[in-house]
Peer 1: 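This structure is in structure tokens; I'll ask about it shortly.
Both backbone and side-chain heavy atoms feed into the values below; hydrogens, waters and symmetry mates do not. Order of the sequence lines sets the chain letters (A, B, ...), proteins ahead of strands, with each chain counted from 1.
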Protein chains: 2
Amino acid sequence: MVRQANAPSRASTSPSSSSAHSITDVAALASVSIATVSRVLSGKRQKDDDIARRVRQAAEQLNYSVNVAASSLRGAGTRTVGLVIPSATDEFAAQLLDALESAADDRDSQVLLGVGGTKALQTARVESLISRNVDGLIVLPATGADLTPILERHAGRIPIVQIGNGRRSRNYSQVSLDELLAMEQIVDHLASLGAKTVAYMAGRKVSFESAEQFSMLHTQLRSFGLETKAAWNQFGDQTVQRGYDCAMRIFAQDKPDAVICCDDKVALGVIVALHSLGLRAPEDVMLVGQNNAPLCETASPSITTLRPPFEQIAEESLRLIAQGPNYPSEVSLTSQLIVRESTVGTATTRQITAR
Amino acid sequence: MVRQANAPSRASTSPSSSSAHSITDVAALASVSIATVSRVLSGKRQKDDDIARRVRQAAEQLNYSVNVAASSLRGAGTRTVGLVIPSATDEFAAQLLDALESAADDRDSQVLLGVGGTKALQTARVESLISRNVDGLIVLPATGADLTPILERHAGRIPIVQIGNGRRSRNYSQVSLDELLAMEQIVDHLASLGAKTVAYMAGRKVSFESAEQFSMLHTQLRSFGLETKAAWNQFGDQTVQRGYDCAMRIFAQDKPDAVICCDDKVALGVIVALHSLGLRAPEDVMLVGQNNAPLCETASPSITTLRPPFEQIAEESLRLIAQGPNYPSEVSLTSQLIVRESTVGTATTRQITAR
DNA sequence: TTGTAGGCGTTATCAC
DNA sequence: GTGATAACGCCTACAA
């Protein structure tokens, strides 16, 4: 797109010279000292005179780029952040990953990855990333994994950001989602559409997040005057099957006005169940998911969901890392309600959906 | 898990000393020269005598680990491989990522990530990863993106592996999937279960892979004596909605014995459609997906799918990278058929499904 | 403003 | 087999 491969614009497209050039070569070609090259290329020089131009052109011509290893050896950062996630197949992790990579690229640093689904594996990944001298570490702990021991051990040396509402130490930063506000948005939305009774399919019982969400939901239901039933509030896996099973059981004898799911996959299972029961969303039941999985948009009907602000999470994490290890802080962000057909039907969808 | 945070086993658990120790400290503590430390720790030494033990213990005690920046500056590789993917929310990319990270960790190197959904973005990521001196580059091109220009420019300097069946150059390696064998497995499986007529929901028309799969399918159908119809063979998106729409259209007037989908999301859409049409899988229609998305296992019925050998892909890619840039080769791997309820029903599932 | 020189932590090359 | 020492490429006081 940028360059034609076979456009011999000059001799510049030479794949010839064996190893990469160093700052010395650039200095020689521009007839200046390596110090000057360093200053020009790192922007620590005001004027844009002939020298600066010569240096830049020489660098361009030699296809030169700074050797990060040498640079970071000297003292500056590695322009590298570590990210530890349970798995890339986790929808939340995947979206976070995409957002973080993009944000990191903007500050021209890069993402070094660690994947581990258990406390032991994640701990090992944290160790190896830190031994790589990453400038900072962003950790999305696996469900139920308490990484405070290992993170605390390193919190003083390197900035660490934990994503999510799990247990954390006061020694490192945390970026989390405001569950109360999240639930308020959902319940408000449902109430404004006339819902009176609400079922809730929660996440795994052991999870800190599940418990918090569950509590916040009931706070909001009370505050908006909506009702629920014990039998409609159960913990379970975040799978399509679970949503299907739950919905089949509930709708066999009851009919809540709305169903809130802890995850979009669950919501999709509910949709399948509704299909086979001859019920429709949103006419018969309104449905809300969470996490903005790609399948939400393409489901039929498309699923109203709560989208975590991945870009913000990424930006804030990098900002906290840039602050260094001595200012641990706690940031709480707000998810955005993406309104789709499963609560408002086909007609009004496009108008309401923001973004 | 490995260590108790608050077990004062000695003074060793000291989070005190400000910056990390260097090889000099280890040498001093072990009363040997830094050269010896280097040799012992890098395994370039035969004997396991007292000296070796002393060095290792000193390293352990100081919580020392080699500085990768310095190490790679001196000449050895960076023990880092670059991975470029279109997005982590792509199921294939996510599973590849997980497998690669694990395989890389086994050879104690790490994955530096580049995410980009367009040719331009991917090109930029390739550039920055290479300027980071990665030991090798693994690229999963975005759909329809031909990265040969940029990859070719660097193929001589650094080993490059392209994943997938897209266009490539003879100057770098490729790891791809054997589509013919894949289709043979699927069609064989369906034929052995008595299917006579088969519908196929292909991928995007522009995609090289789609075209190849389409061709291979027809080869295999012919070879097994199965039949299809032009109206049952259409290109389209890899979305749940697409599967739903396609199925509704087809089953409105026809009833093939089996449906093969280019992706599990599409298959899921088909399941939803079947539900609402009152049809069942596999009794009324057999259904096969591709890519082993997590939702396959938890769908109802669970979906028979073709699982790309992610671990093998990762291993082969790293092996090719280890060989260096001068031996570009082409490796073709075989997907594995994961048999689930959507073709064989509930009874026999567990017996047949291999791992 | 520019150049010179020293040092970051390692590994490779020499002498011993 | 071991130890001193010279690179590796870069940045940054310090001197000019």
Side-chain angles (χ1 to χ4, degrees), chain A residues 17-56 58-59 62-80 108-109 130-135 157, chain B residues 17-56 58-59 62-80 108-109 130-135 157:
Chain A
S17 50
S18 53
S19 72
H21 294 286
S22 87
I23 197 174
T24 315
D25 305 319
V26 180
L29 184 54
S31 310
V32 292
S33 75
I34 60 169
T36 304
V37 174
S38 174
R39 285 189 279 250
V40 169
L41 262 42
S42 63
K44 306 197 177 191
R45 212 191 95 129
Q46 326 295 358
K47 308 181 71 173
D48 189 12
D49 50 2
D50 197 49
I51 292 182
R53 263 190 298 279
R54 244 165 44 216
V55 169
R56 272 194 287 270
L62 294 178
N63 204 343
Y64 168 79
S65 62
V66 185
N67 181 324
V68 190
S71 170
S72 53
L73 179 57
R74 184 59 181 75
T78 54
R79 311 208 71 76
T80 290
D108 63 358
S109 61
I130 287 184
S131 81
R132 287 265 173 159
N133 299 319
V134 292
D135 292 338
R157 298 190 206 289
Chain B
S17 51
S18 51
S19 72
H21 294 287
S22 87
I23 197 173
T24 315
D25 305 318
V26 180
L29 185 55
S31 309
V32 293
S33 75
I34 60 170
T36 302
V37 175
S38 174
R39 284 189 282 250
V40 170
L41 263 43
S42 64
K44 307 197 176 192
R45 214 193 93 131
Q46 325 294 0
K47 308 183 70 172
D48 189 10
D49 51 2
D50 197 49
I51 292 183
R53 265 190 297 279
R54 244 165 46 214
V55 168
R56 271 194 288 270
L62 295 179
N63 203 344
Y64 167 80
S65 62
V66 301
N67 182 324
V68 189
S71 172
S72 52
L73 177 56
R74 188 54 183 84
T78 55
R79 311 208 71 75
T80 291
D108 62 2
S109 60
I130 287 183
S131 81
R132 286 266 174 159
N133 299 319
V134 292
D135 292 338
R157 298 190 205 289

Peer 1: Please report the distance, rounded to the nearest Å, between CZ in B:Arg54 and C1' in D:dT2.
Peer 2: 12 Å

Peer 1: Between C:dT1 atom P and A:Asp48 atom CG, what is the distance in whole Å?
Peer 2: 13 Å

Peer 1: From B:Ser109 OG over to B:Asp135 CG, what is the distance, rounded to the nearest 0.5 angstrom?
Peer 2: 7.0 Å

Peer 1: Within the structure provided, determine whether B:Arg45 and B:Ile51 are in side-chain contact (heavy-atom separation under 4.5 Å).
Peer 2: yes

Peer 1: Between the opening five pairs and the closing five pairs of the helix from C:dT1-D:dA16 to C:dC16-D:dG1, how far apart are the helix axes, to 10°?
Peer 2: 40°

Peer 1: Under a 4.0 Å threshold between the charged nitrogen and the carboxylate oxygen, would B:Arg53 count as salt-bridged to B:Asp49?
Peer 2: no

Peer 1: Could you verify whether a donor N or O on one side chain and an acceptor N or O on the other, from A:Ser71 and A:Arg79, lie under 3.5 Å apart?
Peer 2: no

Peer 1: Cut-off 3.5 Å, side chains only: do A:Thr78 and A:Asn133 have a donor facing an acceptor?
Peer 2: no

Peer 1: Hey, what do you get for OG1 (B:Thr36) to CD1 (B:Ile23), rounding to the nearest 0.5 Å?
Peer 2: 9.5 Å

Peer 1: Reading nucleotides 8-16 of chain D 5' to 3', which nucleotides get B (base under 4.0 Å from a protein heavy atom), which S (sugar-phosphate only), which -?
Peer 2: BBBBB----

Peer 1: Given the rule in the side-chain contact (heavy atoms from CB on, under 4.5 Å) test, do A:Thr80 and B:Arg132 qualify, once you have shown the distances and angles that lead to the verdict?
Peer 2: CA-CA 10 Å; A:Thr80 290; B:Arg132 286 266 174 159; 2.7 Å; yes

Peer 1: What do the steps show when you test A:Val26 against A:His21 for side-chain contact (heavy atoms from CB on, under 4.5 Å), and what is the final call?
Peer 2: CA-CA 8 Å; A:Val26 180; A:His21 294 286; 5.5 Å; no

